[in-house]
Amino acid sequence: MSIQIYNTLSRKKEEFVPLREGEVKMYVCGPTVYDLIHIGNARPMIVFDTVRRYLEYKGYRVNYVSNFTDVDDKIIKRANEEGVDAQVISQRYIEECKKDMAAMNVKPATTHPLATQEIGGMLEMIRTLIEKGYAYRAQDGTVYYRTRSFREYGKLSHKNLDELRGGNRSLLVSGQDQKEDPLDFVLWKPKKEGEPFWESEWCQGRPGWHIECSVMSKRYLGDEIDIHAGGEDLVFPHHENEIAQSEAANGKPFAKYWMHNAFLNIENRKMSKSEGNFFWVRSIGEKYDLQVLRFFMLSAHYRSPINFSAQLMEAAKNGYERIVTSVENLNYLLGEAPQRPLDSNEKELLARAGEFVSRFEAAMDDDFNTADALAVIFELVKFVNTNASDASGRAFLQGLKEKVLLLTDICGLVVEKAPEILDGEIEALIAERQAARKARDFARADAIREELLQKGILLEDTREGVKWKRA
Ligand code: AMP
Ligand code: ZN
């Protein structure tokens with residue numbers, strides 16, 4: 001079956017057909033780096049990383065671009081508070097963000113562009129927009145996008161321009177008297193005291209927020225891309241404005257599929273730092289393995305709001321550990337299992353295990369329904385726990401383990417921990433065991449063998465001495 005994606009643009013599920021066969025060009029709006037990332041930011045990271053992993057599993061080469069917004073009011077404010085350059089702040093939090101991503105097993109993007117490194121491309125696109133009549137310079141040097149000149153404005157958010165103009169007071173911000181229309185938005189703005197700035201023909205200044213994504217997407221993926229994604233708060237105005245900029249400048253449709261994750265709430269309330277219901281990814285990581293957070297995020301469909309609570313995290317922890325324990329058990333059995341070909345019963349059971357893979361794919365093909373996909377993994381785990389025993393052969397156990405790991409890998413869930421023991425430590429324990437045996441302390445010798453087995457290390461007593469290997 002083909003993959004179906006819910007497209008915000010059409011408000012329908014559509015069959016996924018990439019622009020170029022076998023390739024996917026994907027752009028995901030990344031965080032503004034003025035602080036650590038919070039668990040709301042983690043949702044698009046985990047969700048779209050899983051989309052990417054599934055597309056790769058399906059055989060697509062995915063070019064995945066995700067930016068860091070490294071120039072912005074909040075970064076500048078923080079820099080001024082600390083008395084350092086804005087770059088010091090953004091670099092610090094890019095590094096911290098990358099650490100959190102790694103702990104959540106979010107793959108690094110193919111490219112992580114930075115806004116401040118792409119100013120030249122932004123100036124070029126703004127110039128093109130002015131030349132084509134889509135943008136104008138106001139008296140103080142601000143450059144605005146002339147929203148009404150883009151006839152399809154509102155097509156993504158399904159908003160009507162007249163309603164927007166009449167109803168949205170927040171658009172009537174200061175300086176709007178310079179605008180031809182309250183809906184016009186900033187492409188370039190004059191510098192203020194204490195702010196980083198770049199030279200341009202309009203004024204010394206810095207870019208508006210929306211232009212960076214249009215420019216980076218064009219530079220790293222081309223004028224037309226397959227998937228553009230982010231949280232649902234970005235639909236309007238950010239993505240609407242990106243479409244207006246890119247399509248007006250390039251004269252081509254921008255992204256074919258627009259995907260948006262719903263929000264994460266805390267205890268059924270909007271997450272808010274000032275109200276105290278707020279968590280950094282880092283602080284969750286102090287209490288839980290961040291794989292549990294990943295599991296939690298995937299337990300809901302990405303288009304449904306997800307509610308974070310201590311109770312639901314405990315449930316996620318139990319769910320995740322059930323898979324980990326099942327794999328541990330397989331490894332334990334593998335340590336002792338006889339090497340023999342599959343018998344007919346094992347063959348049949350493995351074929352049945354394969355059906356879970358098909359069902360997992362069916363769930364993911366349906367607009368990446370990770371909630372259903374995790375439910376299938378649980379059924380597979382139950383099947384494994386029922387059918388793997390100390391009477392099973394090695395090939396059979398290995399076959400079961402491969403199926404579990406195939407599906408958990410697509411979800412980006414690490415369920416098999418690398419043994420946390422170094423070669424030197426293993427050698428030392430083996431020497432201690434030999435000494436215990438010599439002293440006829442067999443209880444101690446057995447305890448050491450067991451301890452090593454728990455860490456995935458198998459010992460074999462041979463005529464040449466003790467040999468060991470990792471399970
Ligand atoms: P920001 O740094 O605010 O631009 O956010 C980076 C990404 O996180 C964007 O895709 C936002 O839509 C997303 N995001 C922010 N808060 C939440 C939340 N509470 N739930 C889900 N996504 C969020
Ligand atoms: Zn963006």
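Position 1 is the first residue of the sequence, and the numbers go up from there. Just so you know, ligand 1 is whichever comes first in the structure, and atom 1 is the first atom listed for that ligand. Both backbone and side-chain heavy atoms feed into the values below; hydrogens, waters and symmetry mates do not.
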*Asks:* Give the atom numbers and elements of ligand 1 that come within less than 4.0 Å of a heavy atom of H38.
*Replies:* 15 (C), 16 (N)

*Asks:* Restricting to N/O/S, name the atom of E242 that gets closest to the Zn ion (ligand 2).
*Replies:* OE2

*Asks:* Is there a polar contact, in the sense of an N or O pair closer than 3.5 Å, between N41 and ligand 1?
*Replies:* yes

*Asks:* Angle between ring planes, F185 versus Y145, binned at 30° and 60°: parallel, tilted or perpendicular?
*Replies:* parallel

*Asks:* Between Y64 and R52, is there a cation-pi geometry (under 6.0 Å to ring centre, at most 45° from the normal)?
*Replies:* yes

*Asks:* Can you tell me if H238 has an N, O or S atom under 2.8 Å away from the Zn ion (ligand 2)?
*Replies:* yes

*Asks:* Could you check atom 22 (N) of ligand 1 against the protein and tell me its nearest heavy-atom contact, residue, atom and distance included?
*Replies:* G40 O, 3.1 Å

*Asks:* Measure from the Zn ion (ligand 2) to each N, O or S atom of C213 and report whether any distance is below 2.8 Å.
*Replies:* yes

*Asks:* Is there a heavy atom of A262 sitting under 4.0 angstrom from any atom of ligand 1?
*Replies:* yes

*Asks:* Looking at CZ of R148 and OH of Y134, how far apart are the two atoms once the value is rounded to the nearest 0.5 Å?
*Replies:* 13.0 Å

*Asks:* Could you see which bit of L264 sits under 4.0 Å from ligand 1, with heavy atoms only: side chain, backbone, both or neither?
*Replies:* both

*Asks:* Does the Lys NZ or Arg CZ of R303 fall within the cation-pi geometry relative to Y6 - under 6.0 Å from the ring centre and within 45° of the axis?
*Replies:* yes

*Asks:* Any atoms of ligand 1 less than 4.0 Å from a non-hydrogen atom of G231? List them with their elements.
*Replies:* 10 (O), 12 (O)

*Asks:* Does N105 reach the main-chain N or O of L413 with its side chain, forming a donor-acceptor pair under 3.5 Å?
*Replies:* no

*Asks:* List the closest protein heavy-atom neighbour of atom 13 (C) of ligand 1: residue, atom name, distance to the nearest 0.1 Å.
*Replies:* P44 CG, 3.7 Å

*Asks:* Test your reading of the structure: does P31 have an N or O sitting under 3.5 Å from an N or O of ligand 1?
*Replies:* no

*Asks:* Do any N/O atoms on T32 end up under 3.5 angstrom from N/O atoms on ligand 1?
*Replies:* yes

*Asks:* For ligand 1, which atoms sit closer than 4.0 Å to a heavy atom of D233?
*Replies:* 11 (C), 12 (O)

*Asks:* Is the backbone N or O of M26 less than 3.5 Å from a side-chain atom of D226, with the two atoms forming a donor-acceptor pair by type?
*Replies:* no

*Asks:* Would the distance check show the side chain of N307 and the main-chain N or O of N268 forming a donor-acceptor pair, the cut-off being under 3.5 Å?
*Replies:* yes

*Asks:* Salt bridge or not for R137 and E201, using N-O below 4.0 Å?
*Replies:* no

*Asks:* Cation-pi check, K159 to F236: give yes when NZ or CZ is under 6.0 Å from the six-membered ring centre and within 45° of the ring axis, no otherwise.
*Replies:* yes

*Asks:* Could you tell me whether R146 and D181 have a side-chain N and a carboxylate O separated by less than 4.0 Å?
*Replies:* no

*Asks:* Ligand 1 and M271, any nitrogen or oxygen pair closer than 3.5 angstrom?
*Replies:* no

*Asks:* Using a 4.0 Å cut-off to any heavy atom of L234, which atoms of ligand 1 qualify?
*Replies:* 9 (C), 10 (O), 12 (O)

*Asks:* Should the proximity of T69 to ligand 1, defined as any heavy atom under 4.0 Å, be assigned to the side chain, the backbone, both, or neither?
*Replies:* neither

*Asks:* Can you list the atoms of ligand 1 that are under 4.0 Å from a heavy atom of N261?
*Replies:* 21 (C), 22 (N)

*Asks:* Taking the ring centre of each residue, are F360 and Y57 less than 6.0 Å apart?
*Replies:* no

